[in-house]
Amino acid sequence: MNVQNDALVSIIAPCYNEEAVLHHFMNEIDPILTANSHPFELIFINDGSNDHTLEKLLELKNKYDYIRVINLSRNFGKEAAMTAGIDMAKGEALIPIDVDLQDPPHLIKEFIEKWHEGFDVVLAKRVDRSSDTKAKRKSAELFYKFHNSISHVKIPNNVGDYRLMSRKVITAIQSLPENQRFMKGVFAWVGFNTTTVEYVRDPRKAGETSFNGWKLWNFAVEGITSFSTVPLRVWLYVGFVIAFIALIFGAWIILKTLIFGVDAPGYASMTTIVLFLGGIQLMGIGILGEYIGRLYMEAKRRPVYIIDEEY
Ligand code: UDP
Ligand code: MG
């Protein structure tokens with residue numbers, strides 16, 4: 001399909017407590033957007049910030065007429081905020097972007113070029129993550145490895161939400177009814193003709209990251225449980241293996257008793273085995289819990305986000 005030169009491009013920027021960085025963001029992105037031949041809209045989603053982000057956004061909206069501001073009723077999290085933006089966008093191409101300038105706006109030009117070449121998805125791949133801490137890089141790498149080894153949907157490594165998606169892709173994404181959205185997985189799940197452009201990820205311009213330790217861990221659990229049932233099914237095999245070992249061990253004990261008679265000691269090995277199995281069982285139940293919890297939340301059929309007002 002040919003891309004029309006007057007096709008609208010929607011940029012989607014979720015914001016949570018970003019008052020410090022919004023002006024930098026506009027100064028950087030405005031020349032890039034206006035130099036572009038496509039008409040565009042820039043949609044800010046205020047994700048329940050408790051600083052002056054909304055006021056700042058409304059100020060910016062007065063200054064730049066292509067800005068739209070969507071105010072959510074509270075903080076729903078980045079995935080939900082992005083979903084709100086995707087639902088509100090009218091463009092033929094959509095580009096989610098972080099406002100902290102870790103996603104360099106100059107890539108938008110390359111995104112659009114690739115889109116004209118016929119790609120429906122253009123991913124921005126980080127070639128250098130030295131701006132992230134070593135622990136974050138290592139844990140991200142482990143997560144992708146683990147996720148991709150047990151899930152049919154492979155999430156490309158070192159690719160974030162920053163990308164271009166054509167209307168076709170957006171329509172497909174909107175057809176997914178789940179309301180717990182792990183967007184990286186959702187994006188990968190829909191597929192389509194994909195290419196990548198590379199960039200170096202800068203450190204955050206101002207403000208602070210809202211993703212730390214526990215939140216990232218939960219995000220990873222969400223990602224894995226949304227796109228794989230392997231953690232549920234693995235217990236069948238763990239059970240098999242343990243039962244098999246127990247059988248052999250049992251046979252050996254019976255044999256030993258028959259040949260050498262009863263010998264009472266064995267307290268240490270018994271305790272170890274009981275504790276070990278107890279631990280394994282609790283883990284299994286815990287994982288069941290993760291999935292049942294998600295089923296429960298999903299069964300409520302609550303909306304992903306609630307819009308307070310659109311400006
Ligand atoms: N964000 C959001 N809601 C949240 C947390 C973050 O909309 O609950 C936005 C945030 O304003 C930023 C983007 O998501 O535009 C990425 O957040 P951040 O820079 O904190 O994450 P990191 O780059 O450290 O992964
Ligand atoms: Mg960031």
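Start at 1 and go down the list; that is how both ligands and their atoms are numbered.
- In terms of protein heavy-atom proximity, atom 19 (O) of ligand 1 is closest to Asp100 OD2, 2.6 Å.
- The shortest contact between atom 3 (N) of ligand 1 and any protein heavy atom is with Asp47 OD2, 2.6 Å.
- In Val99, the parts holding a heavy atom less than 4.0 Å from any atom of ligand 1 are both the side chain and the backbone.
- For the pair Glu18 and Lys56, the salt-bridge criterion is not met [side-chain N within less than 4.0 Å of a carboxylate O].
- Judged by distance alone, with hydrogens and angles left aside, the side-chain atoms of Asn71 form no donor-acceptor pair with the main-chain N or O of Asp308 at under 3.5 Å.
- Rounding to the nearest 0.5 angstrom, the gap separating the NZ atom in Lys154 from the CH2 atom in Trp189 is 15.5 Å.
- Classification of Lys109 and Glu113 as a salt-bridged pair holds, one side-chain N sitting under 4.0 Å from a carboxylate O.
- Checking Asp100 against the Mg ion (ligand 2), an N/O/S atom falls under the 2.8 Å cut-off.
- With a 4.0 Å heavy-atom cut-off, ligand 1 is reached by no atom of Met82.
- Less than 4.0 angstrom separates some heavy atom of Cys15 from each of these atoms of ligand 1: 7 (O), 11 (O).
- At the top of the distance list for atom 16 (C) of ligand 1, counting protein heavy atoms only, stands Asp98 OD2, 3.3 Å.
- Remark: Arg137 does not engage Glu141 in a salt bridge, criterion side-chain N to carboxylate O under 4.0 Å.
- Side-chain contact between Val9 and Ile95 is present, with heavy atoms from C-beta onward closer than 4.5 Å.
- The closest protein non-hydrogen atom to atom 20 (O) of ligand 1 is Ser210 N, 2.9 Å.
- Counting heavy atoms under 4.0 Å from ligand 1, residue Asn75 touches it through the side chain alone.
- Nearest protein neighbour of atom 11 (O) of ligand 1, counting heavy atoms only, is Glu18 OE2, 2.5 Å.
- The nearest heavy-atom contact from the protein to atom 25 (O) of ligand 1 is Lys136 NZ, 3.5 Å.
- Of the protein's heavy atoms, Thr209 OG1, 3.6 Å lies nearest to atom 22 (P) of ligand 1.
- The shortest N or O to N or O distance between Pro14 and ligand 1 is under 3.5 Å.
- Within the 3.5 Å criterion, the main-chain N or O of Gly77 finds a donor-acceptor partner in the side chain of Asp47.
- What sits closest to atom 18 (P) of ligand 1 on the protein, heavy atoms only, is Arg204 NH2, 3.4 Å.
- In terms of modelled atom types and a separation under 3.5 Å, the side chain of Thr171 and the main chain of Val169 share no donor-acceptor contact.
- Looking only at atom types and distance, the side chain of Asp51 has no donor-acceptor partner in the side chain of Tyr16 under 3.5 Å away.
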